[in-house]
Asks: 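I have a structure here, written as structure tokens, and I will follow up with some questions on it.
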Amino acid sequence: MSGPPATELISLSDGEQGVTVRVLRSENFCGGEQDDTLHAEITVSSAFVNGRVDLHLHAHDLDSWAEVLDSVASGRTASWLESGRSPRITLTPADISESECTEVHVHDVTASQVHVTVPVAAPPDWIERHRALLSAVRSRFPLA
């Protein structure tokens, strides 16, 4: 029997390449009554490179993701998960990127040390879509 389907937190793809963060399940690491951690995975896909890396997210990481979306909406490059305990994702808005696409930089700082940049021809409403994805993750996986 399989568990409930994964919930996407990040889904930036243009049909040819993309980066996705899927929340697989919530977990209880601290022993309280409520789950406090999300087990998730980052998936990178393109004709050139494909990869996947696990990560664990906490409530403050979701708050930080909301701040990253605000920064990118304001036209600034912003990084998410910079603590060094998990892979890092940096977003560069299309208006200031070298490729003229939204660039998603994934750096596996904890294991392989591989860094990949994926330019994505994202639709104009991608930030609003990602705010809705964040809201859906928070609703489905309430964390302590």
Side-chain angles (χ1 to χ4, degrees), residues 2-30 34-144:
S2 64
T7 300
E8 291 183 343
L9 176 63
I10 298 174
S11 181
L12 275 169
S13 176
D14 58 18
E16 292 183 31
Q17 52 200 22
V19 175
T20 303
V21 173
R22 287 182 187 88
V23 176
L24 305 174
R25 65 184 171 275
S26 60
E27 299 174 344
N28 187 325
F29 280 147
C30 293
Q34 188 175 353
D35 288 347
D36 53 22
T37 303
L38 300 178
H39 181 198
E41 68 180 4
I42 301 171
T43 305
V44 174
S45 61
S46 76
F48 180 69
V49 64
N50 290 292
R52 188 190 68 74
V53 64
D54 287 329
L55 73 149
H56 290 87
L57 302 171
H58 304 283
H60 63 86
D61 295 321
L62 299 180
D63 295 340
S64 176
W65 176 237
E67 293 169 7
V68 165
L69 291 173
D70 291 343
S71 292
V72 174
S74 297
R76 298 185 311 267
T77 295
S79 291
W80 184 51
L81 304 174
E82 293 186 289
S83 69
R85 66 172 170 75
S86 65
R88 178 177 60 241
I89 296 176
T90 302
L91 296 173
T92 303
D95 293 345
I96 63 171
S97 74
E98 195 171 302
S99 66
E100 297 181 357
C101 291
T102 299
E103 292 180 349
V104 185
H105 312 269
V106 180
H107 188 174
D108 181 16
V109 298
T110 59
S112 68
Q113 295 298 310
V114 170
H115 178 229
V116 62
T117 299
V118 182
V120 178
D125 67 341
W126 77 265
I127 292 175
E128 289 308 314
R129 273 190 339 99
H130 281 79
R131 287 183 176 134
L133 291 174
L134 173 58
S135 179
V137 165
R138 285 181 165 161
S139 292
R140 181 167 176 201
F141 302 103
L143 296 177

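If you're wondering where the values come from, they're calculated on a predicted model, not measured in any experiment.
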Asks: On a heavy-atom basis, which atom in S26 and which in D35 lie closest, and how many Å separate them?
Replies: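 Answer, listing the atom of S26 first, then D35: OG-OD2, 2.5 Å.
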Asks: Using the side-chain contact (heavy atoms from CB on, under 4.5 Å) criterion, which residues pair with E82? Sequence neighbours excluded.
Replies: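 Checked E82 against side-chain contact (heavy atoms from CB on, under 4.5 Å); matches are S79, R88.
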Asks: Run the ring-ring contact (aromatic ring centres under 6.0 Å, His included) test against H58 and tell me which residues pass, sequence neighbours left out.
Replies: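 Applying ring-ring contact (aromatic ring centres under 6.0 Å, His included) to H58 gives H60.
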Asks: Between the main-chain N or O of A47 and the side-chain N or O of E16, is there a donor-acceptor pair closer than 3.5 Å?
Replies: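 No; judged by distance alone, with no hydrogens or angles, the pair does not exist.
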Asks: Could you tell me whether a side-chain N or O of D63 sits under 3.5 Å from a main-chain N or O of A66, the two making a donor and an acceptor?
Replies: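 Side chain of D63 to backbone of A66: no pair is present.
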Asks: For the pair S46 (side chain) and F48 (backbone), establish whether a donor and an acceptor sit closer than 3.5 Å, ignoring hydrogens and angles.
Replies: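 Yes; judged by distance alone, with no hydrogens or angles, the pair exists.
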Asks: Could you give the distance from OG1 (T37) to CG (L57), rounded to the nearest 0.5 Å?
Replies: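 Those atoms lie 9.0 Å apart.
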Asks: By side-chain contact (heavy atoms from CB on, under 4.5 Å), which residues pair with V53, not counting sequence neighbours?
Replies: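 For V53 the side-chain contact (heavy atoms from CB on, under 4.5 Å) partners, ignoring immediate neighbours, are I42, P87, D108.
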Asks: Apply side chain to side chain contact (heavy atoms under 4.5 Å, CB included) to residues E41 and L24 and explain how you reach the verdict.
Replies: CA-CA 7 Å; E41 68 180 4; L24 305 174; 4.2 Å; yes
Asks: For P119 and C101, work out which heavy atoms get closest and say how close.
Replies: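 Shortest heavy-atom separation between P119 and C101 comes out as CB-CB, 4.0 Å.
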Asks: Kindly assign one of parallel, tilted or perpendicular to the pair W65 and H130, based on the angle between their ring planes and the thresholds 30° and 60°.
Replies: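 Geometry flag for H130 against W65: perpendicular rings.
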Asks: Work out which heavy atom in L143 is nearest to a heavy atom in D36; give both atom names and the distance.
Replies: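 The answer is CD2-C, 3.8 Å.
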Asks: Provide the closest heavy-atom pair for S86 versus L55 in the form atom of the first, atom of the second, distance.
Replies: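 Smallest interatomic distance, heavy atoms only, reads CB-CB, 4.4 Å.
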Asks: If you round to the nearest 0.5 Å, how far is CH2 of W126 from CG of L12?
Replies: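 One finds 5.0 Å between CG of L12 and CH2 of W126.
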Asks: Taking all non-hydrogen atoms of both residues, which atom of Q34 and which atom of N28 are closest, and how far apart?
Replies: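 In this case the closest contact between Q34 and N28 is O-ND2, 3.4 Å.
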Asks: Tell me, please, which residues at least two apart from R85 pass salt bridge (charged side-chain N to carboxylate O under 4.0 Å, His left out).
Replies: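 By the salt bridge (charged side-chain N to carboxylate O under 4.0 Å, His left out) rule, R85 matches D61.
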Asks: So, does E103 use its side chain to make a donor-acceptor pair with the main chain of T117 at under 3.5 Å?
Replies: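 No; zero donor-acceptor contacts below 3.5 Å.
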Asks: Tell me the closest heavy-atom pair linking I96 and G75, and the distance in Å.
Replies: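 Scanning both residues, the minimum pair turns out to be CD1-O, 3.5 Å.
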Asks: Counting C-beta onward and ignoring hydrogens, is there a side-chain heavy-atom pair between H107 and T90 closer than 4.5 Å?
Replies: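 H107 does not reach T90 side chain to side chain.
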Asks: Only one of L91, V120, T77, T92 forms a side chain to side chain contact (heavy atoms under 4.5 Å, CB included) with S97, so which one is it?
Replies: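 Checked L91, V120, T77, T92 against S97; only one passes side chain to side chain contact (heavy atoms under 4.5 Å, CB included): T92.
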Asks: Has R138 got a side-chain atom pairing as donor or acceptor with L62's backbone, closer than 3.5 angstrom?
Replies: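 Yes, R138 side chain to L62 backbone: donor-acceptor pair under 3.5 Å.
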Asks: To the closest 0.5 Å, what do you measure between CD (E8) and OG1 (T20)?
Replies: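 So the CD of E8 and the OG1 of T20 are separated by 5.5 Å.
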Asks: Where do V104 and I10 land on the side chain to side chain contact (heavy atoms under 4.5 Å, CB included) test, with the steps shown first?
Replies: CA-CA 11 Å; V104 185; I10 298 174; over 6 Å; no
Asks: Does atom CD (E27) have a neighbourhood of more than 12 heavy atoms from anything else shown, all under 6.0 Å?
Replies: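 Yes - once you tally the heavy atoms of other residues, nucleotides and ligands closer than 6.0 Å, there are more than 12.
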Asks: Any chance CD of Q113 has more than 12 other-residue heavy atoms, nucleotides or ligands included, within less than 6.0 Å?
Replies: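 Enclosed.
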Asks: How many angstroms lie between atom OG of S135 and atom CG of L9, to the nearest 0.5 angstrom?
Replies: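 Here the interatomic distance stands at 11.5 Å.
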Asks: When rounded to the nearest 0.5 angstrom, what is the spacing between CG in L81 and NE2 in H56?
Replies: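 Nearest 0.5 Å value for the CG-NE2 distance: 12.5 Å.
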Asks: What residues form a side-chain contact (heavy atoms from CB on, under 4.5 Å) with I127, not counting sequence neighbours?
Replies: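 Partners of I127 under the side-chain contact (heavy atoms from CB on, under 4.5 Å) test: L69, V72, A73, R131.
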Asks: Hey, could you give me each pair passing ring pair (Phe, Tyr, Trp, His ring centres under 6.0 Å) that has a residue in residues 6-27? Not counting sequence neighbours.
Replies: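 Output for this query is empty, none listed.
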Asks: Hey, can you tell me if H105 and H115 have their rings parallel, tilted or perpendicular (30° and 60° cut-offs)?
Replies: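 Because their plane-to-plane angle is under 30°, the rings of H105 and H115 count as parallel.
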